[in-house]
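These numbers were taken from a predicted model, which means no experiment stands behind them. Chain letters run A, B, ... following the sequence lines, proteins first and then strands; every chain starts at 1.
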Number of protein chains: 2
Amino acid sequence: MAQTHPLNQDISLSVIKTACSNCNLRELCLPFGLSLEELERLDDLVSTRRRIKRGDHLYRAGEVFDAIYAIRSGFFKTDVLLEDGRDQVTGFQMAGELLGLDGISTEHHTCNAIALEDSEICAIPFSRLEVLSREIHTLQHHFHKVMSREIVRDHGVMMLLGTMRAEERLAAFLLNLSQRFTARGFSHAEFYLRMTREEIGSYLGLKLETVSRAFSRFQEEGHIAVQQKHIRILNVNGLKALMNHRP
Amino acid sequence: MAQTHPLNQDISLSVIKTACSNCNLRELCLPFGLSLEELERLDDLVSTRRRIKRGDHLYRAGEVFDAIYAIRSGFFKTDVLLEDGRDQVTGFQMAGELLGLDGISTEHHTCNAIALEDSEICAIPFSRLEVLSREIHTLQHHFHKVMSREIVRDHGVMMLLGTMRAEERLAAFLLNLSQRFTARGFSHAEFYLRMTREEIGSYLGLKLETVSRAFSRFQEEGHIAVQQKHIRILNVNGLKALMNHRP
DNA sequence: GCGTTCGCTTGATCCAAGTCAACCATAAAA
DNA sequence: TTTTATGGTTGACTTGGATCAAGCGAACGC
């Protein structure tokens with residue numbers, strides 16, 4: 001859906017709707033802080049929109065990198081595979097978040113990105129992003145912030161994997177999800193998990209049985225109500241307390 | 001040691017020596033791939049050099065961020081502290097590597113950087129780096145690669161913490177150190193650890209006793225020779241085999 | 001409808017790493 | 001030289017989470 005910049009208002013609604021300038025996620029995404037004129041230049045950059053069906057790969061480890069991806073709707077996981085078959089989920093990404101930053105380093109993707117529900121992404125050719133970010137300082141700075149935020153997030157995960165016990169990890173995970181759903185205008189207290197217990201476990205460095213037991217325990221103690229993938233948070237402070245309570 | 005750009009050759013050797021253009025680490029650092037003319041412009045950017053004594057902080061979590069730091073010589077660790085006192089070492093950095101990338105995101109540092117031996121760093125004011133990288137495409141691209149590489153590195157640590165057992169983690173750690181020393185022209189088979197067993201353990205999500213036992217075991221099996229902080233790698237392939245051998 | 005599949009829960013048992021504790025080595029201070 | 005402090009090693013014991021195993025419930029195809 002590459003499109004020339006519209007010079008008049010006489011264009012179809014569908015075309016308007018594909019632009020960053022009209023995306024209601026732009027506060028969470030790359031366009032943050034840009035002026036209207038700058039936003040319109042960004043519209044040209046985001047040349048492709050693609051639908052990815054649940055279970056399909058957006059990209060695979062080893063593929064040549066040439067674009068980063070903004071999630072317009074849907075839910076993804078990224079994972080890395082070791083030669084010996086072990087794998088690890090390195091993150092879950094939702095609308096407004098970027099995928100593919102890991103590929104810049106070697107010009108090849110270093111992980112797999114897989115849709116956990118039918119999703120829609122905007123492809124942003126990286127070389128053109130670099131050109132544009134030389135001209136739009138705000139874009140340049142915001143992009144740097146986004147990359148840095150990813151590093152900070154990873155440090156948080158390292159902290160979690162390195163120092164927390166099973167229940168603390170799961171509590172931290174739920175609170176993080178809740179906070180991100182809130183930022184997107186969804187309920188902070190009630191949501192559906194898009195991933196399986198096994199995927200949660202892989203992300204948190206736990207086995208699926210341990211995740212399941214922790215869920216059950218949280219429910220017994222009245223912190224949450226779980227029914228399969230449907231989660232209701234009944235006591236946020238209870239979860240927060242669990243997060244930094246050493247035995 | 002801020003300095004105006006020298007227009008003639010009649011300058012003191014000491015001033016020449018402080019410049020990126022004369023730094024023998026530039027292949028490992030930010031200046032990688034720059035032309036001579038571009039390198040000279042970068043020299044102006046690196047306005048400050050500072051010595052950090054062993055045990056001192058280069059920066060602390062919470063401080064305002066305004067520069068990233070290139071390590072000219074020495075050895076650092078970064079760590080994050082949780083409110084409840086737990087902490088985690090998030091990385092060890094050596095000559096030619098960058099520190100402070102985590103601070104871009106919030107304009108405040110999110111971890112502590114502490115020298116593990118007397119060190120010397122180059123401060124690179126971030127706003128000026130952004131200006132310069134708009135003009136020097138190679139610098140812009142290389143900086144993006146460096147940030148991306150940090151993300152990939154963090155994914156590696158997540159993998160390590162999430163899926164590997166104690167001995168695998170330590171083997172991976174030693175091989176990584178060895179490889180980085182090699183890239184700097186030092187022996188790949190013999191080096192001094194700059195960090196304590198406790199710091200290694202914190203980084204690897206293990207207790208110091210477990211690290212110590214793993215070292216002893218590697219020695220018994222003839223993979224390495226350990227004497228306190230002095231390490232000799234006797235059998236690289238043995239270590240590599242340990243790294244992906246599930247019991 | 002009914003079987004099949006996949007994901008989830010729960011119980012019983014096991015083991016890798018944590019904990020606690022004693023002791024040793026090295027280096028700096030007195 | 002002895003003293004003290006800091007860091008490292010090793011042993012005995014404990015435990016949180018892994019593993020193995022059985023059974024359940026929801027969703028889907030036929």
Side-chain angles (χ1 to χ4, degrees), chain A residues 53-55 77 85-89 114 116-118 160-174 192-221 224-231 242 245-247, chain B residues 53-55 77 85-86 88-89 114 116-118 160-174 192-221 224-231 242-243 245-247:
Chain A
K53 289 202 99 52
R54 179 191 149 98
K77 71 167 178 183
R86 277 181 281 184
D87 72 336
Q88 166 114 357
V89 172
I114 298 144
L116 295 182
E117 61 182 27
D118 290 358
L160 181 141
L161 293 171
T163 72
M164 291 187 179
R165 42 190 48 264
E167 294 192 1
E168 294 177 293
R169 294 183 198 188
L170 191 65
F173 173 73
L174 288 175
Y192 280 90
L193 298 172
R194 271 71 171 185
M195 69 295 280
T196 66
R197 302 289 191 264
E198 187 168 22
E199 287 163 336
I200 297 172
S202 172
Y203 181 61
L204 299 178
L206 303 170
K207 292 291 152 183
L208 67 98
E209 294 95 329
T210 306
V211 173
S212 179
R213 279 185 246 269
F215 271 131
S216 301
R217 197 146 213 279
F218 287 178
Q219 180 155 253
E220 280 165 32
E221 289 172 353
I224 61 171
V226 203
Q227 202 182 14
Q228 303 286 116
K229 298 199 160 158
H230 180 223
I231 302 283
L242 269 172
H245 187 57
R246 310 254 68 189
Chain B
K53 289 201 100 50
R54 178 190 151 96
K77 70 168 177 182
R86 276 181 283 183
Q88 166 114 357
V89 171
I114 298 145
L116 295 182
E117 61 181 28
D118 291 357
L160 181 140
L161 293 171
T163 72
M164 292 188 180
R165 41 187 52 263
E167 294 193 0
E168 294 177 294
R169 295 182 198 187
L170 192 65
F173 173 73
L174 288 175
Y192 280 89
L193 298 173
R194 271 71 172 186
M195 68 296 279
T196 66
R197 302 287 191 266
E198 187 168 23
E199 287 163 336
I200 297 172
S202 172
Y203 180 62
L204 299 178
L206 302 169
K207 292 291 153 186
L208 68 95
E209 294 94 329
T210 306
V211 174
S212 180
R213 278 185 246 270
F215 270 131
S216 301
R217 196 146 213 279
F218 287 177
Q219 180 156 254
E220 280 166 32
E221 290 171 352
I224 62 171
V226 204
Q227 202 182 14
Q228 303 288 117
K229 298 199 160 158
H230 181 223
I231 303 282
L242 270 173
M243 239 185 65
H245 187 57
R246 308 255 68 190

Exercise. Roughly how far, to the nearest 0.5 Å, is the CZ atom of B:R169 from the CG atom of B:L206?
Worked result: 5.0 Å

Exercise. What is the distance from atom CD of B:Q219 to atom CD1 of B:I224, rounded to the nearest 0.5 Å?
Worked result: 6.5 Å

Problem set entry | Set of side-chain hydrogen bond (donor to acceptor under 3.5 Å, both in side chains) partners for A:E117, sequence neighbours left out | A:R194

For this session: Give me the bend of the helix from C:dG1-D:dC30 to C:dA30-D:dT1, using the axes of the five pairs at each end, rounded to 10°.
Result: 30°

Exercise. Roughly, in whole Å, what's the span from CG in A:L204 to P in D:dG17?
Worked result: 12 Å

For this session: Kindly write out the residues that satisfy side-chain contact (heavy atoms from CB on, under 4.5 Å) with B:A214, not counting sequence neighbours, or none if the list is empty.
Result: B:E167, B:L170

Exercise. Taking atom C1' of D:dG17 as reference, at what distance in whole Å does atom CD of A:E168 sit?
Worked result: 14 Å

Exercise. Over how many whole Å does the gap from B:R194 atom CZ to D:dG7 atom P extend?
Worked result: 17 Å

Scan nucleotides 8-10 of chain C against the protein and return all N/O pairs shorter than 3.5 Å with their distances rounded to 0.1 Å.
| residue | atom | partner | partner atom | Å |
| --- | --- | --- | --- | --- |
| C:dC8 | OP2 | A:R197 | N | 2.8 |
| C:dT9 | OP1 | A:R197 | NH2 | 3.3 |
| C:dT9 | OP2 | A:R197 | NE | 2.8 |
| C:dT9 | OP2 | A:S212 | OG | 2.8 |
| C:dT9 | O5' | A:S212 | OG | 3.2 |
| C:dT10 | OP2 | A:S216 | OG | 2.5 |

Seminar exercise, completed: With sequence neighbours left out, the residues meeting side-chain hydrogen bond (donor to acceptor under 3.5 Å, both in side chains) with A:R217 are A:E221

Exercise. Given atom CD of A:E167 and atom P of D:dT15, what is their separation to the nearest angstrom?
Worked result: 16 Å

Exercise. How many Å lie between CE on A:M164 and P on C:dG18, as a whole number?
Worked result: 16 Å

Seminar exercise, completed: Across all chains, not counting sequence neighbours, the side-chain contact (heavy atoms from CB on, under 4.5 Å) partners of A:T196 are A:E198, A:E199, A:K229

Problem set entry | For atom CG of B:L161 and atom P of C:dA17, their distance in whole Å | 13 Å

For this session: Assign A:G201 to base, sugar-phosphate, or nothing according to its heavy-atom contacts below 4.0 angstrom with the strands shown.
Result: nothing

For this session: To the nearest 0.5 Å, tell me how far A:E168 CD sits from A:L242 CG.
Result: 8.0 Å

Problem set entry | Spacing between A:R217 atom CZ and C:dG11 atom C1', to the nearest angstrom | 15 Å

For this session: Only one of B:V89, B:L193, B:L208 passes side chain to side chain contact (heavy atoms under 4.5 Å, CB included) with B:I200; say which it is.
Result: B:L193

Exercise. Is the backbone of B:T210 close enough, under 3.5 Å, to the side chain of B:R197 for a donor and an acceptor to pair up by distance?
Worked result: no

Seminar exercise, completed: B:R165 CZ to D:dG16 P, in whole Å, measures 19 Å

